[in-house]
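In what follows, a structure is listed as structure tokens, so that the remarks can point back to it.
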Amino acid sequence: MEHFLLDIRDGIARLTLNRPERLNALTETMMDDLMALCRRIEHAEDAHVVILTGAGKAFCAGGDIDAWAARSADGFGRHWLRDGHQALDALTRLRQPVIAVLNGHVLGGGLELAACADYRIAEAHIRIGQPEPALGIIPGWSGTQRTVRRFGSQLVRRMAIFGEEFSASDAQMVGLVDQVVEKGQGIDAATELANRMRHRGPVATELVKMLINAAEGEERERVFEALAGRVAAAQPELQVGLAAFKNRKKADFW
């Protein structure tokens with residue numbers, strides 16, 4: 001996974017896009033790697049918070065134009081967009097809170113990536129927008145769906161239809177980002193915020209995140225079944241049922 005760096009220590013998983021020579025633009029291989037990394041983070045018992053950022057002077061320039069422009073229409077829709085959705089869905093649905101450090105311009109797919117986070121810290125010099133229609137294409141990685149749920153339809157209209165871009169300070173005012181810091185201070189601010197999570201119950205935090213995602217329509221069925229499954233698995237009757245199964249008997253729960 002040459003284009004990502006993952007470091008887990010002190011309860012924080014630091015996930016860095018590491019393709020600075022291309023402004024961390026995403027390729028299909030990177031999307032596959034992101035899926036695998038999300039699975040690793042999900043199962044890492046020592047990771048309680050995730051900090052997502054980009055190496056170099058960019059956060060993420062979105063999808064690599066050279067990677068998708070040569071695709072057929074069918075290939076573009078069937079693979080590029082579908083695979084991208086799956087990777088960003090995995091990031092959004094991590095059990096851990098995700099803090100995105102926007103250390104460079106957040107445009108196109110970069111905004112779709114940032115929208116997966118639970119909290120966004122923008123460095124003061126960045127700009128945010130959705131320029132895809134200027135290339136004759138749509139924001140295809142939930143840039144008209146998750147972004148609407150999280151930021152509101154009118155903001156997405158202003159960016160995706162009318163081409164409006166926001167400075168970091170204006171983005172904070174309209175709710176695209178949660179905090180603005182000086183250039184180069186994003187990681188420190190994110191680490192400070194992540195360390196505050198030490199004083200909040202990790203299971204309660206995970207459950208709250210799942211419920212908020214469900215309220216937003218983010219895989220509601222899985223969330224409800226996962227919550228119900230945790231309740232059922234904590235009951236003594238599970239052990240009764242398992243013991244009966246192992247002994248080839250019918251369970252007696254009364």
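Of the residues listed (Asn18, Leu15, Asn24), the one engaging Phe4 in a side chain to side chain contact (heavy atoms under 4.5 Å, CB included) is Leu15, and it is the only one. No option in Leu26, Asp83, Thr147 other than Leu26 meets the side chain to side chain contact (heavy atoms under 4.5 Å, CB included) test with Trp141.
Atom SG of residue Cys60 and atom CZ of residue Arg22 lie 12.0 Å apart, to the nearest 0.5 angstrom. Atom CD of Glu206 and atom NZ of Lys209 lie 9.0 Å apart (nearest 0.5 Å). To the nearest 0.5 Å, atoms CD (Glu42) and CG (Leu37) are separated by 13.0 Å. With rounding to the nearest 0.5 Å, the separation of CD in Gln130 from CD1 in Ile138 is 10.5 Å. Taking CG of Leu94 as the start and SG of Cys116 as the end, the distance is 9.5 Å to the nearest 0.5 Å. Distance check, rounded to the nearest 0.5 Å: OG1 of Thr16 to CG of Leu6 gives 8.5 Å.
Under the 4.5 Å side-chain contact rule for hydrophobic residues, Leu111 and Val180 share a cluster. No chain of hydrophobic side-chain contacts below 4.5 Å, direct or via other Ile, Leu, Val, Met, Phe, Trp or Tyr residues, connects Ile8 to Met197. Using a 4.5 Å cut-off between side-chain heavy atoms of Ile, Leu, Val, Met, Phe, Trp and Tyr, with links allowed through other members, Leu34 and Val49 fall into different hydrophobic clusters. Residues Ile126 and Met173 are members of separate hydrophobic clusters, defined by side-chain heavy-atom contacts under 4.5 angstrom among Ile, Leu, Val, Met, Phe, Trp and Tyr. Note on Leu207: it does not cluster hydrophobically with Ile212, by side-chain heavy-atom contacts below 4.5 Å among ILVMFWY residues.
Checking Thr29 against Thr27 by side-chain atom types alone, no donor-acceptor pair falls below 3.5 Å.
A salt bridge links Arg146 with Glu218; the closest basic N to acidic carboxylate O contact falls under 4.0 Å. By the 4.0 Å N-to-carboxylate-O rule, Arg9 lies close enough to Asp7 to be salt-bridged with it. Salt bridge Glu165/Arg127: present, at least one basic N to carboxylate O contact under 4.0 Å.
Side-chain atoms of Lys183 do not come within 3.5 Å of backbone N or O of Asn103 as any donor-acceptor pair. Between the side chain of Arg158 and the backbone N or O of Glu164, no donor-acceptor pair lies under 3.5 Å. Remark: the backbone N or O of Gly104 is not paired with any side-chain donor or acceptor of Glu123 at under 3.5 angstrom. A donor-acceptor contact shorter than 3.5 Å is absent between the side chain of Asp10 and the backbone of Ile12. When atom types are taken as modelled, the side chain of Asp170 and the backbone of Phe166 share no donor-acceptor pair closer than 3.5 angstrom. At least one donor-acceptor pair under 3.5 Å links the side chain of Arg149 to the backbone N or O of Glu216. Under the 3.5 Å distance criterion, the side-chain polar atoms of Arg19 are left unmatched by any main-chain donor or acceptor of His3. Side-chain atoms of Gln179 do not come within 3.5 Å of backbone N or O of Arg120 as any donor-acceptor pair.
Taking each heavy atom of Ala100 and Ala117 in turn, the nearest pair found is CB-CB, 3.6 Å. Phe151 and Gly175 get closest at one heavy-atom pair: CD2-O, 3.8 Å. In plain terms, the two heavy atoms of Pro97 and Thr205 that are nearest each other are CG-CG2, 3.7 Å. Residue Pro20 comes nearest to Ala55 through the heavy atom pair CB-O, 3.8 Å, listed as atom of the first residue, atom of the second, then distance. Looking at every heavy atom in both residues, Pro133 comes nearest to Ala160 through CG-O, 3.0 Å.
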Using side chain to side chain contact (heavy atoms under 4.5 Å, CB included), reason through Ile121 and Ile99 one step at a time and then give a plain yes or no.
CA-CA 7 Å; Ile121 298 174; Ile99 304 167; 3.9 Å; yes
Worked verdict on Leu23 versus Phe59 for side chain to side chain contact (heavy atoms under 4.5 Å, CB included):
CA-CA 7 Å; Leu23 301 180; Phe59 171 67; over 6 Å; no
Side chain to side chain contact (heavy atoms under 4.5 Å, CB included) between Leu113 and Val106, worked out
CA-CA 9 Å; Leu113 183 67; Val106 183; over 6 Å; no
Check step by step if side chain to side chain contact (heavy atoms under 4.5 Å, CB included) holds for Gln145 and Glu112.
CA-CA 10 Å; Gln145 303 299 308; Glu112 291 165 322; over 6 Å; no
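The shortest side-chain heavy-atom distance between Ile51 and Val98 does not fall under the 4.5 Å cut-off. Counting only heavy atoms from C-beta outward, the side chains of Met159 and Leu176 approach each other to under 4.5 Å. Considering only heavy atoms from C-beta on, Thr53 stays 4.5 Å or farther from Leu17 through its side chain. Side-chain contact between Met35 and Gln86: present, with at least one pair of heavy atoms (C-beta onward) separated by less than 4.5 Å. Within the 4.5 Å cutoff, no side-chain heavy atoms of Gln96 are placed close to those of His48. The shortest side-chain heavy-atom distance between Gln185 and Asp188 falls under the 4.5 Å cut-off. Side chains of Val181 and Val101 form no contact here, defined as non-hydrogen atoms less than 4.5 Å apart. Side chains of Glu192 and Arg196 form a contact here, defined as non-hydrogen atoms less than 4.5 Å apart.
Applying the salt bridge (charged side-chain N to carboxylate O under 4.0 Å, His left out) test to Asp46 and every residue at least two apart in sequence or in another chain returns nothing.
For Glu182, the CD atom counts as loosely surrounded, since its 6.0 Å shell holds 12 or fewer non-hydrogen atoms of other residues, nucleotides or ligands.
Side-chain contacts under 4.5 Å among hydrophobic residues (ILVMFWY), followed directly or transitively, place Phe162 together with Ile161.
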